[in-house]
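The structure under discussion appears below in the form of structure tokens.
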Amino acid sequence: MSEESYIHRRNRPLQIYAVIFLILLYVPVLFLPLFSFNDSLYTTFPLTGFTLKWYEELWTRDAMWAALFNSIKVGLFVAAASTFLGIFAAKAITRYRLPGRGPIVGFIMLPLVIPLIIFGVALLVLLSRLGVPLSLYTVSAGHLIVCLPFAIATLIPRFEGFDQAIEEASADLGENGWWTFWRVTLPMVFPGVLASFILTFTVSFDEFIMAFFLTGTQPTLPVYIWGQLRFPQSFPSVLALASIIIAVSFVMVILSLYINRGAQFGGTKGSGHD
Amino acid sequence: MSEQSIHTSVPAELAPPGKVGRLSRLMHRSERARGYGLIAPALTFMLCAILLPFAILVVMSFWTATGFDFDTSFSLENYKQALERPIYAALLERSLWMSGIATVAAVVLCYPMAYFVAFHVHRHKMFWIILMTLPFWTSYLLRVFAWKVVLGYEGVINSFLISVGLIEEPLEVLLYSQSAVIITLAHAWAAFAILPMYVSLEKIDRSLLEAATDLGDGPVMRFLRVTLPLSLPGVISASLLIFIPTTGDYITPALLGGPDGAMIGNLIQKMFGPINNWPMGATLSILLMLCISVICVLFILLTLFVRRRIS
């Protein structure tokens, strides 16, 4: 305990700050489920009574179901494609001495920072000049740009986290490159692959702005919600829908983090504290 | 990575010129080629999906709209208009200003949090980090929508204050104002601020802090002279990670901004939507990118300068 010096001393004000911070971080989002069970068209206090009718009403909205299936279709395709491309990219980035590696990685990560509205309009301009009609395919292309950086960022710590000697041993024992990859590398990074799939699906499922510009006649779920926000009478149903989406997103993200535990945020550092 | 490259480059340099050198060079080249081959699909897609649209966006910014069609001859008319008509410059300036305030607010409010987790949480660090970044993974649209519920004319704060009896009429300033947009932006992008600052705080060698204390610095001086300067890289990347995307934000000003809180992203959307002047929208997008780049370069230079002065 001698290492528990003055630097590690408890800091009461900071602890209180942290708790308030977390409360404020979550409270706005928690009002959505709260009012989704409230028997009123308005999101006002005092609450008027418990009801499930907004959730029941969702059941009857065919347009919402169509939008939901569109989102799932796009999400599954984008998750599969971005994870597939991400595996090879992450392997290349971590396993080979690539000249210009830094700029290449930086370039691929650009969509994480550049305002997505710019990507959205730029793609829209390109597609319209090429004469490509807007559809779920164009939405998927847009989402792939957004999701590929997430996939690669999730997979890189996985590749960094296991000993390259295992791959070399497999090669020494006579497996060729493909079999080594298939029988050694892939099983080792599989938690990362699964986590990347779930995360990119969630990102694509929740993404609005790209879909807003690139969607044709078939809206994705966020685009559908955006359209519904104009109608005050559908406000409570949007609350109910939003509550479900947020709950599912939370579960999926926690699941992916759990699957991929031990390889997050630089892996070697974050978990090796104390 | 740097260690690896040192290890491998030494024997290559020591090897006598001739067969061995050529062989190893060949092997290096083929390994390099395999590496590029693996990353090629992802990189090709990104190059096509980023550079091509951008190139066309730049080209289109020099066109002009004529009714429902474009005049594709080269013209600086859009840029001239963007500079002459005060509305464009004002909106651009306001966007930069609003997201600048949101960035400062997020960084200042998140710094103590990152500091707390880096220095005062010893067990279950991962749990805290996940707890702080979890909302970031859920739909941005829905988080902004939640703020509309909180700040709305018939929203949480107004109805609460009325039922408590503090006010008679709902406050109108809450929703559809610049402050609503700034609050929401700072809240929604908090995770982007916490992570980089946490990483750079966590990296700080604890013995430096002990040394500062041994040499007579109190907690405040120790923080100002050791912790803060050393965590500056995290603060810089946090600021850029929030500032760049929020300047072009569309959802938040569209849902919460009203006319007063509109930002350049809303105008760009209008140009591609109801106003139907795509070339002007392209011009505004290019100008937004240029402004962001210039400000970021200036900001990085400034912080580098300040850091050199401190150390």
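This one's a predicted model, so the numbers in the text were calculated from it and none came from an experiment. In what follows, chains are A, B, ... by sequence order, proteins preceding strands, each numbered from 1.
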Review point. In Å and rounded to the nearest 0.5 Å, what is the CG to NE2 distance from Leu14(A) to His120(B)?
Key: 5.5 Å

Check your understanding: Of all heavy-atom pairs between Pro112(B) and Tyr17(A), which one has the smallest distance, and what is that distance?
Key -> CB-CE2, 3.6 Å

Study note, to complete from the structure: When the 4.5 angstrom heavy-atom criterion is applied to Leu112(A) and chain B, the contacting part is backbone

Check your understanding: Given that the side chain runs from C-beta out, which part of Leu124(A) has a heavy atom under 4.5 Å from chain B: side chain, backbone, both or neither?
Key -> both

**Study point:** Greatest number of heavy atom pairs closer than 4.5 Å to chain B - which of Ile152(A), Ile254(A), Val253(A)
**Key:** Val253(A)

Point to revise | Interchain contact, Leu109(B) with chain A, by part (heavy-atom threshold 4.5 Å) | key: both

Exercise for review: For the pair Asp206(A) and Leu141(B), evaluate side chain to side chain contact (heavy atoms under 4.5 Å, CB included) and give the outcome as yes or no after the intermediate values.
Suggested key: CA-CA 8 Å; Asp206(A) 285 338; Leu141(B) 174 66; over 6 Å; no

Review point. Is chain A contacted by the side chain of Ile194(B), its backbone, both, or neither, given a heavy-atom distance below 4.5 Å?
Key: side chain

Check your understanding: With only heavy atoms counted, which part of Ile246(A) is less than 4.5 Å from chain B, the side chain, the backbone, both or neither?
Key -> both

Review point. More than 12 non-hydrogen atoms from neighbouring residues, nucleotides or ligands closer than 6.0 Å to CZ on Phe136(B), yes or no?
Key: yes

Check your understanding: So does Tyr26(A) have more than 12 non-hydrogen atoms from other groups sitting under 6.0 Å from OH?
Key -> yes

Check your understanding: Hey, mind stepping through Trp226(A) and Leu255(B) against side chain to side chain contact (heavy atoms under 4.5 Å, CB included) and telling me if it holds?
Key -> CA-CA 10 Å; Trp226(A) 181 262; Leu255(B) 276 183; 3.8 Å; yes

Point to revise | Under 4.5 Å from a heavy atom of chain B, the part of Phe213(A) involved | key: side chain

Exercise for review: Could you go through the side chain to side chain contact (heavy atoms under 4.5 Å, CB included) check for Met289(B) and Ile114(A) one step at a time?
Suggested key: CA-CA 8 Å; Met289(B) 291 299 295; Ile114(A) 292 182; 3.9 Å; yes

Practice item. Determine the option with the most heavy-atom pairs under 4.5 angstrom with chain B, choosing from Pro99(A), Pro149(A), Pro222(A). Key: Pro99(A)

Revision key, fill the gap. Residue from Ser249(A), Ala81(A), Ala18(A) scoring the most non-hydrogen pairs under 4.5 Å with chain B is Ala18(A)

Point to revise | chain B contact via Glu207(A) - which portion, at a heavy-atom distance below 4.5 Å | key: neither

Review point. Side chain, backbone, both or neither: which part of Phe205(A) has a non-hydrogen atom closer than 4.5 Å to chain B?
Key: neither

**Study point:** Under 4.5 Å from a heavy atom of chain A, the part of Trp278(B) involved
**Key:** side chain

Practice item. Name the region of Val150(B), side chain, backbone, both or neither, that has any atom closer than 4.5 Å to a heavy atom of chain A. Key: side chain

Check your understanding: Checking Ala151(A) against chain B: side chain, backbone, both or neither under 4.5 Å from a heavy atom?
Key -> neither

Review point. Tell me, side chain or backbone of Pro111(A) under 4.5 Å from chain B's heavy atoms, or both, or neither?
Key: side chain

Revision key, fill the gap. In this structure, CD1 of Ile108(A) is separated from CD1 of Ile50(B) (nearest 0.5 Å) by 8.5 Å

**Study point:** Spacing of CG belonging to Leu32(A) relative to OG1 belonging to Thr138(B), to within rounding of 0.5 Å
**Key:** 9.5 Å

Study note, to complete from the structure: Minimal heavy-atom distance between Ala146(B) and Val29(A), with the atoms involved, is CB-CA, 4.0 Å

Check your understanding: In Å, rounded to the nearest 0.5 Å, how long is the span from CZ of Arg143(B) to CG of Leu25(A)?
Key -> 9.0 Å

Review point. So how far is it from Arg101(A) CZ to Ile39(B) CD1, rounded to the nearest 0.5 Å?
Key: 9.0 Å

Practice item. Evaluate side chain to side chain contact (heavy atoms under 4.5 Å, CB included) for Tyr36(B) paired with Ile104(A), printing each intermediate quantity in order. Key: CA-CA 10 Å; Tyr36(B) 282 129; Ile104(A) 289 176; 4.0 Å; yes

Practice item. Considering non-hydrogen atoms only, spot the tightest contact between Pro135(B) and Phe250(A) and give its length. Key: CA-CE1, 4.0 Å

Review point. What is the minimum heavy-atom distance between Gly265(B) and Ile117(A), and which atoms define it?
Key: O-CD1, 3.2 Å

Check your understanding: What part of Met60(B) is in contact with chain A, defined as an atom under 4.5 angstrom from a non-hydrogen atom: side chain, backbone, both or neither?
Key -> side chain

Review point. Looking at Thr202(A), Leu144(A), Leu127(A), which makes the most heavy-atom pairs under 4.5 Å with chain B?
Key: Leu144(A)

Review point. Do you know which of Phe145(B), Tyr140(B), Phe54(B) has the most heavy-atom pairs under 4.5 Å to chain A?
Key: Phe145(B)

Check your understanding: CD1 of Ile130(B) to CG of Leu257(A): how many Å apart, nearest 0.5 Å?
Key -> 4.5 Å

Practice item. Kindly indicate whether the side chain of Leu51(B), heavy atoms from C-beta on, has any atom under 4.5 Å from the side chain of Phe107(A). Key: yes

Review point. Any side-chain heavy atom of Ile225(A) sitting closer than 4.5 Å to one from Leu142(B)?
Key: yes

Study note, to complete from the structure: Most contact-rich option vs chain B, by heavy-atom pairs under 4.5 angstrom, among Phe31(A), Phe35(A), Phe150(A), is Phe31(A)

Exercise for review: Let me know if Leu229(A) has heavy atoms under 4.5 Å from chain B in its side chain, its backbone, both or neither.
Suggested key: side chain

Study note, to complete from the structure: Okay, Val203(A) and chain B: the region with an atom under 4.5 Å from a heavy atom over there is side chain

Point to revise | Which atom of Gly248(B) lies closest to which atom of Pro115(A), heavy atoms considered | key: CA-CB, 3.8 Å

Study note, to complete from the structure: Whatever's closer than 4.5 Å to a heavy atom in chain B on Ser128(A) counts as side chain

Check your understanding: How far apart are the closest heavy atoms of Val121(A) and Ser285(B), and which atoms are they?
Key -> CG2-OG, 3.8 Å

Practice item. Sort Phe243(B) into side chain, backbone, both or neither according to what part of it lies under 4.5 angstrom from a heavy atom of chain A. Key: neither

Check your understanding: How about Phe116(B) and Phe21(A): are their ring centroids closer than 6.0 Å?
Key -> no

Review point. Under a 4.5 Å heavy-atom cut-off, does chain A meet the side chain of Leu134(B), its backbone, both or neither?
Key: both

Review point. Would a 4.5 Å heavy-atom cut-off, applied to side chains only, mark Phe208(A) and Ile251(B) as touching?
Key: yes

Revision key, fill the gap. Turns out that what part of Phe272(B) lies under 4.5 Å from chain A's heavy atoms comes down to side chain

Revision key, fill the gap. Honestly, the part of Ala190(B) sitting under 4.5 Å from a heavy atom of chain A is side chain

Exercise for review: Could you tell me which portion of Ile286(B) (side chain, backbone, both or neither) has an atom closer than 4.5 angstrom to a non-hydrogen atom of chain A?
Suggested key: neither

